[in-house]
Amino acid sequence: MIAKPPLTPAEIALVKSLVIFEDDHILALNKPSGLSSQGGRGQVNTLDEMLAVFAKSNGNRPRLIHRLDRDTSGVILTAKTKPAAGFLGKAMMGRRVRKTYLAIVATPPSPATGLIETPLRRDEQGREAYMRVCAPDHPDAEAARSRYRTLASADGAALLELRPETGRMHQLRVHLAAIGSPIAGDARYGGTLRLGDTPVSRLMLHAAALEFPHPAGGTKRLEAATPADMQAVAEAVGMVMISV
């Protein structure tokens with residue numbers, strides 16, 4: 001195992017700037033595209049390593065409750081205590097956490113609103129892992145459900161609101177590709193790298209909001225501001241980003 005390098009002053013400043021909410025139980029951040037949540041390869045620190053910045057005097061640091069793909073931006077939740085981690089982990093398993101994403105696609109889906117229930121299976125190719133749509137009776141089939149709604153459209157592009165009801169790897173990306181509307185910038189699953197005259201340099205998928213039961217009681221909703229580069233792509237093709 002390759003040891004990760006010590007955090008640099010720039011990394012420390014970065015992770016502190018990502019905080020969007022904190023209390024005694026949870027810490028939430030707006031993860032930028034390009035930063036791995038956990039794992040990763042080589043001598044590069046991930047968000048998980050950067051959470052050491054928030055460690056208590058006893059060394060305990062916030063724990064990730066879920067992940068986002070490296071190229072997906074948006075709200076990501078951590079627990080500051082072991083009881084909070086257990087509580088939120090059970091909420092995730094019980095599907096009591098509501099996730100809302102925004103995505104830009106080149107081909108507007110038809111119908112404009114719908115539910116995708118196509119099963120998925122994992123496909124290992126060397127060191128890379130993909131998800132593929134498959135028949136329900138495939139031995140490796142995993143149930144997957146994704147809701148989508150078209151918020152805005154322009155010539156050759158659409159802005160979608162996405163709500164995954166299951167949490168399979170790359171689920172939203174593969175489901176949208178399966179209905180002919182791959183996410184812009186998603187080279188892995190057939191997404192265009194250009195919308196009109198506008199280059200798309202990364203996956204146009206943003207975890208915009210997270211609603212969940214709070215460990216101290218009640219329900220909490222957190223929102224992460226849409227990144228400037230995603231807003232710029234939307235505006236370049238004549239769409240206005242909408243809050244969800």
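These numbers come from the heavy atoms of this one structure, side chains and all, not from hydrogens, waters or symmetry mates. For reference, positions follow the sequence shown, starting with 1.
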Peer 1: Can we say Arg95 and Glu165 salt-bridge, meaning some charged N sits less than 4.0 Å from an Asp/Glu carboxylate O?
Peer 2: no

Peer 1: Okay, side chain of Glu235, backbone of Ala232: is any donor-acceptor separation there less than 3.5 Å?
Peer 2: no

Peer 1: According to a hydrophobic-cluster definition based on side-chain heavy atoms being under 4.5 Å apart (Ile, Leu, Val, Met, Phe, Trp, Tyr only), do Phe21 and Met92 belong together?
Peer 2: yes

Peer 1: Treat each ILVMFWY residue as a node, draw an edge where side-chain heavy atoms are under 4.5 Å apart, and state whether Ile12 and Val19 are in one component.
Peer 2: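 Yes, Ile12 and Val19 fall within the same hydrophobic cluster.
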
Peer 1: Should Met50 and Ile20 be counted in the same cluster of Ile, Leu, Val, Met, Phe, Trp and Tyr side chains packed under 4.5 Å apart?
Peer 2: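 Result: no, two separate clusters.
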
Peer 1: Tell me the closest heavy-atom pair linking Arg61 and Glu49, and the distance in Å.
Peer 2: NH1-O, 3.5 Å

Peer 1: Please report the interatomic distance CG(Leu159) to CZ(Arg149), rounded to the nearest 0.5 Å.
Peer 2: 10.0 Å

Peer 1: Side chains of residues 68-75: which donor-acceptor pairs under 3.5 Å do they make with residues two or more places apart or in other chains?
Peer 2:
unit_1, atom_1, unit_2, atom_2, d
Asp69, OD2, Arg173, NH1, 3.0
Arg70, NE, Gly34, O, 3.4
Arg70, NH2, Gly34, O, 3.4
Ser73, OG, His206, ND1, 2.8

Peer 1: Could you tell me whether Glu223 and Arg221 have a side-chain N and a carboxylate O separated by less than 4.0 Å?
Peer 2: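 Between Arg221 and Glu223 there is a salt bridge, with a charged N closer than 4.0 Å to a carboxylate O.
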
Peer 1: Of all residues at least two apart in sequence or in a different chain, which pass the salt bridge (charged side-chain N to carboxylate O under 4.0 Å, His left out) check with Arg121?
Peer 2: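 Per chain and number, Arg121 pairs via salt bridge (charged side-chain N to carboxylate O under 4.0 Å, His left out) with no residue.
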
Peer 1: If we ignore angles and hydrogens, is there a donor and acceptor under 3.5 Å between the side chains of Arg163 and Thr100?
Peer 2: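 Distance-only check passes for Arg163 and Thr100.
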
Peer 1: Kindly indicate whether the side chain of Phe212, heavy atoms from C-beta on, has any atom under 4.5 Å from the side chain of Ile26.
Peer 2: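 In contact.
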
Peer 1: With side chain to side chain contact (heavy atoms under 4.5 Å, CB included) as the criterion, how do Leu29 and Leu51 come out once you've worked through the C-alpha distance, each side chain's angles and the decisive distance to 0.1 Å?
Peer 2: CA-CA 10 Å; Leu29 307 100; Leu51 292 176; 4.2 Å; yes

Peer 1: If I compare all heavy atoms of Leu195 with all of Gly156, which pair ends up nearest, and what's the gap?
Peer 2: CD2-O, 3.7 Å

Peer 1: So do Lys56 and Thr81 actually touch side chain to side chain, heavy atoms under 4.5 Å?
Peer 2: yes

Peer 1: Which residues pass the side-chain contact (heavy atoms from CB on, under 4.5 Å) test with Arg96, not counting sequence neighbours?
Peer 2: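 side-chain contact (heavy atoms from CB on, under 4.5 Å) check on Arg96 returns Ala91, Pro213.
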
Peer 1: What distance separates Glu128 CD from Asp123 CG, expressed to the nearest 0.5 Å?
Peer 2: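 Rounded to the nearest 0.5 Å, the CD-CG separation comes to 11.0 Å.
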
Peer 1: Listed by chain and number, what are the ring-ring contact (aromatic ring centres under 6.0 Å, His included) partners of His214, not counting sequence neighbours?
Peer 2: His25

Peer 1: Taking the side chain as every heavy atom from C-beta outward, state whether Asp186 and Leu205 have any pair of such atoms under 4.5 Å apart.
Peer 2: no

Peer 1: Do side-chain atoms of Tyr189 reach the backbone of Met131 as a donor and acceptor pair under 3.5 angstrom?
Peer 2: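 Pair found, side chain donor or acceptor close to backbone of Met131.
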
Peer 1: Could you tell me the separation between the CG atom of Leu162 and the CZ atom of Arg147, rounded to the nearest 0.5 Å?
Peer 2: 12.5 Å

Peer 1: Is a side-chain N or O of Thr150 found less than 3.5 angstrom from the main chain of Ala112, in a donor-acceptor match?
Peer 2: yes

Peer 1: Distance check, rounded to the nearest 0.5 Å: Met230 atom CE versus Met204 atom CE?
Peer 2: 6.0 Å

Peer 1: Does Asp48 reach the main-chain N or O of Leu64 with its side chain, forming a donor-acceptor pair under 3.5 Å?
Peer 2: no

Peer 1: Has Arg98 got more than 12 heavy atoms of other residues, nucleotides or ligands less than 6.0 Å from its CZ?
Peer 2: no

Peer 1: Can you check whether Arg168 reaches Arg122 side chain to side chain, under 4.5 Å on heavy atoms?
Peer 2: no

Peer 1: Where do Val200 and Thr192 come nearest, in terms of heavy atoms and distance?
Peer 2: CB-O, 4.3 Å

Peer 1: If hydrophobic clusters are built from ILVMFWY residues whose side chains come within less than 4.5 Å, do Leu35 and Phe54 share one?
Peer 2: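 Yes.
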
Peer 1: Apply side chain to side chain contact (heavy atoms under 4.5 Å, CB included) to Asp140 and Arg132, showing your working.
Peer 2: CA-CA 10 Å; Asp140 298 324; Arg132 309 293 187 193; over 6 Å; no

Peer 1: If you look at every heavy atom in Ser17 and Leu14, which pair is closest and at what distance?
Peer 2: OG-O, 2.6 Å

Peer 1: Is there side-chain contact between Leu102 and Leu151, with at least one heavy-atom pair below 4.5 Å?
Peer 2: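 With C-beta onward as the side chain, the pair touches.
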
Peer 1: Grab the two heavy atoms, one from Lys99 and one from Pro164, that are nearest each other, plus how far apart they are.
Peer 2: O-CD, 3.5 Å

Peer 1: Nearest heavy-atom pair of Ala187 and Leu193: which atoms, and what distance?
Peer 2: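 So the minimum-distance heavy-atom pair works out to CB-CD2, 4.3 Å.
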
Peer 1: Less than 4.0 angstrom from a charged side-chain N to a carboxylate O is my criterion; do Lys80 and Glu22 meet it?
Peer 2: yes

Peer 1: Can a donor-acceptor pair be found, under 3.5 Å and without considering hydrogens, that links the side chain of Ser36 to the backbone of Thr46?
Peer 2: no

Peer 1: Report the distance from atom CZ of Arg63 to atom CG of Leu27, rounding to the nearest 0.5 Å.
Peer 2: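 These two atoms lie 14.0 Å from each other.
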
Peer 1: State whether the side chain of Glu11 and the backbone N or O of Thr8 hold a donor-acceptor pair below 3.5 Å, judged by distance alone.
Peer 2: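 Here the side-chain-to-backbone pair exists.
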
Peer 1: When rounded to the nearest 0.5 angstrom, what distance separates CG in Leu210 from OH in Tyr101?
Peer 2: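 Rounded to the nearest 0.5 Å, the CG-OH separation comes out at 8.0 Å.
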
Peer 1: Just to verify, what does His66 make a ring-ring contact (aromatic ring centres under 6.0 Å, His included) with, not counting sequence neighbours?
Peer 2: none

Peer 1: Is any side-chain heavy atom of Leu18 closer than 4.5 Å to one of Ile76?
Peer 2: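 In short, these two side chains do not touch, never coming nearer than 4.5 Å.
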
Peer 1: In the single-linkage hydrophobic clustering (I, L, V, M, F, W, Y; side-chain heavy atoms under 4.5 Å), do Leu172 and Val233 co-cluster?
Peer 2: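 Same hydrophobic cluster.
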
Peer 1: May I have the list of side-chain donor-acceptor pairs in residues 174-185 shorter than 3.5 Å, sequence neighbours left out?
Peer 2:
unit_1, atom_1, unit_2, atom_2, d
His175, ND1, Ser146, OG, 2.7
His175, NE2, Thr118, O, 2.8
Ser181, OG, Thr107, O, 2.7

